[in-house]
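The sequence lines fix the lettering, A, B, ..., with proteins before strands; numbering per chain opens at 1. Predicted model only: the values in this text are computed from it and were never measured.
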2 protein chains.
Amino acid sequence: MVGMARWQPDARARLEAAALELFHERGFEQTKVTDIAARAGLDKRTFYRLFGDKREALFSGGKLLEDVLVRAVAETDAAPFETVIAAFHQVANEIFADRRDLVRVRQSIIESSPELQERDLRKTGSLAAAVAAALRAKGVGETTATLATESGATVFRAAFARWVAPGCDASLADLITEMAAELRAVTSASAAPAPNAATPTRRL
Amino acid sequence: MVGMARWQPDARARLEAAALELFHERGFEQTKVTDIAARAGLDKRTFYRLFGDKREALFSGGKLLEDVLVRAVAETDAAPFETVIAAFHQVANEIFADRRDLVRVRQSIIESSPELQERDLRKTGSLAAAVAAALRAKGVGETTATLATESGATVFRAAFARWVAPGCDASLADLITEMAAELRAVTSASAAPAPNAATPTRRL
């Protein structure tokens, strides 16, 4: 058991890398768990000890992402939206920065499968819930926590989409800063008209 | 065939109502298509002529929602975020206003099933894509269209969650106005510090 525990982290990383390679080479549907284990020099049993299913090999980084985000939210001393943006800056620098090629491959695999897209959406949803909970734990009200988290997630998604696009060489952190500024401009533009602003021509 | 075509709209509404009733009474998993058809006084064949599967009986309103949103975006003369908020006001008034009890029941059914939650998320995603496309069709740039749509969707979701909560009697339209104002406050608060604002204490 000691040996097993010692080797798990390595086995996990090897299986994840093998899964990414094979999904990329053969397609997600065409890849079997046995193939992934074989490519990693491990057996199927080891795979299932670490991952619930084939899809999980692509999503287990979500836990690290969540941990970094939640810790950054807890440790950042700023207004709620700024705190969320700072947390995304942190994951951009700690997790994504040096892995653009890998992330691009992973992204193209996810986009190839509706099943993976659904899993991705659900993971994103639970990540947002964790960030909002971390804000509430600091005493931020529920509505503000939700709005700051969702707005931060919008900024991150827009920045991320640009960052993985072919030919982009801007850093993810800079794109986050840029998109946060654009989101502020887009949402505050409409504040101008009047207190009763959200009711232009077409409102019944 | 003429008779069938004439009866389809009625059959659709009857099947949707029957599905909602049965999912509510027995649970989504426990309800069969045959039961839904029988409750509506129709047969299984008619059900499958109108819906791809059991889940669809709960989501076919999405098309109407999309049509109203897209039309409202096209017809509203305002800044992008304001346009999206105006479009959500319109669906609040035209589609949701008089149906809070039905919507509450539907929402509790969706929350009871991960399968329905996934379908709901995907439908929301395609709705957002349609709204962003409607903004781009008016000449709005891609990034602005995405940020305005996602921010509007954040406002709508926050307003909707309050509106369906037990005991709430505020109107959905008023909650949208309120949440739009809160989103502006939450995102613009962080604009204060400096141009380099999105990089507080924890940024690497």
Side-chain angles (χ1 to χ4, degrees), chain A residues 71-72 75-83 85-90 92-94 114 117-119 121-122 125 143-144 146-151 153-155 157-158 161-162 173 176-177 179-193 195-204, chain B residues 71-72 75-83 85-90 92-94 114 117-119 121-122 125 143-144 146-148 150-151 153-155 157-158 161-162 173 176-193 195-204:
Chain A
R71 181 170 45 82
E75 293 176 0
T76 301
D77 183 23
F81 177 63
E82 207 174 354
T83 296
I85 295 297
F88 278 121
H89 270 131
Q90 188 133 346
N93 290 319
E94 282 186 21
Q117 285 169 30
E118 282 185 8
R119 178 75 60 110
L121 274 174
R122 264 204 292 163
T143 302
T144 301
T146 301
L147 296 174
T149 300
E150 294 295 327
S151 299
T154 294
V155 164
R157 278 194 304 268
R162 286 227 190 159
I176 289 170
T177 303
M179 291 299 119
E182 289 217 31
L183 182 129
R184 276 184 209 114
V186 165
T187 56
S188 68
S190 23
N196 210 3
T199 58
T201 50
R202 291 278 321 178
R203 194 184 170 192
L204 295 183
Chain B
R71 179 169 47 81
E75 293 176 0
T76 301
D77 183 23
F81 177 62
E82 207 176 353
T83 296
I85 294 298
F88 278 121
H89 270 130
Q90 188 133 346
N93 290 319
E94 284 186 19
Q117 286 169 28
E118 281 186 8
R119 177 74 62 109
L121 275 174
R122 264 204 293 162
T143 302
T144 301
T146 300
L147 296 175
E150 294 296 327
S151 299
T154 293
V155 164
R157 278 194 302 268
R162 285 227 190 158
I176 289 171
T177 303
E178 190 186 320
M179 290 300 120
E182 288 217 31
L183 181 130
R184 277 186 208 113
V186 166
T187 55
S188 69
S190 21
N196 209 5
T199 59
T201 50
R202 289 279 319 176
R203 195 185 171 191
L204 294 185

Evaluation steps, side chain to side chain contact (heavy atoms under 4.5 Å, CB included), between Glu118(B) and Leu121(A)
CA-CA 8 Å; Glu118(B) 281 186 8; Leu121(A) 274 174; over 6 Å; no
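Within the 4.5 angstrom heavy-atom criterion, only side-chain atoms of Ala158(B), from C-beta onward, approach chain A. Interface remark: Arg157(B) contributes side-chain atoms only to the contact with chain A (heavy atom separation under 4.5 Å). For Arg162(A), the part lying under 4.5 angstrom from a heavy atom of chain B is the side chain only.
Between His89(B) and Thr177(B), the closest side-chain pair of non-hydrogen atoms falls below 4.5 Å. Looking only at side-chain heavy atoms (C-beta outward), Thr144(A) and Glu182(B) come within less than 4.5 Å of each other.
When all heavy atoms are compared, the tightest approach of Ala72(A) to Thr76(A) is O-OG1, 2.6 Å.
Top candidate by heavy-atom pairs under 4.5 Å with chain A, chosen from Val155(B), Leu183(B), Thr146(B), is Leu183(B).
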